[in-house]
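Source: prediction; values computed, not measured. One-based numbering, in listed order, for ligands and for the atoms of each.
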Amino acid sequence: MLEVGIPFKEIMYKGLNQGIKMSEIDAAVVTHGHGDHCCAAKDFVSHRIPFYANEDVLSKCGGNPKNRLVHNEMRYLAKDTLIIPFNVEHDAPNSLGFVICTDKETLLFVNDCKFFKADLSDYKFDYVCIEANYDGQQMHFAYEDAKQKNDYQNIARYERLFDSHMSLAHCRDHLKKLNLSQCKAIFLMHLSDRHANENKFKETIFEATGINTYVCKKNGGIV
Ligand SMILES: [Zn+2]
Ligand SMILES: [Zn+2]
């Protein structure tokens, strides 16, 4: 399970709807310590579901320190599932992205992040889940507008986004550096409500990569 950013009961309920019991989860993995990614961490630990995260998250939720994920240290999550964490640039301590390999498929998972430096060109990804938070043009206009109106709250919000989240253009540039020769699908995550147009995002990434691209909805499902 990747990210546990909604209440445990809700995860349990959504799982049951898909025919998945919590006891069947081999491992839960979290990218960083912001609540919208790890608010159910304590529940996973108390239900004894193997829980993996960086030191910051593990210490806050009382997780097993042995399950600490560190940049470039690969480890097994289950018998046939290997994870390779790598550092990403975000405004939470030790934020990580993941390459996850089973004996059949390889997944790239990058959530909240402005960019990452890891060279992943040796992997052939079957699936990519990546953040594409905002449209640079749209944000630029909103930012200029806020500055003109002395709207300090939004100025600060936009500056935080510029500093910690991935623009559509950055997302596209990262994807272009990957080996997507056998990629079956790209899933765009974490789109801004106000500064991202789902269709434009899908089209831009499809045009740049030629890979079927989907947008993940906030409350589950894809479009
Ligand atoms: Zn975050
Ligand atoms: Zn987030």
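Take the N/O/S atoms of His32: the one nearest the Zn ion (ligand 1) is NE2. Among heteroatoms of the N, O or S kind in Asp36, OD2 lies nearest the Zn ion (ligand 2). Among heteroatoms of the N, O or S kind in His34, ND1 lies nearest the Zn ion (ligand 1). The Zn ion (ligand 2) lies closest to atom OD2 when only the N/O/S atoms of Asp112 are considered.
Salt bridge annotation for Lys104-Asp80: absent, with no cationic side-chain nitrogen under 4.0 angstrom from a carboxylate oxygen. A salt bridge links Lys147 to Glu144: one of the charged nitrogens lies within less than 4.0 Å of a carboxylate oxygen.
Surrounding NE2 of His195 are more than 12 heavy atoms belonging to other residues, nucleotides or ligands, all under 6.0 Å away.
Between Phe8 and Phe44, the ring planes lie perpendicular to each other; the angle is over 60°, past the 30° to 60° tilted range. Using cut-offs of 30° and 60° on the angle between ring planes, the pair Phe187 and Tyr214 is parallel.
Residue His37 counts as close to the Zn ion (ligand 2), with an N, O or S atom under 2.8 Å.
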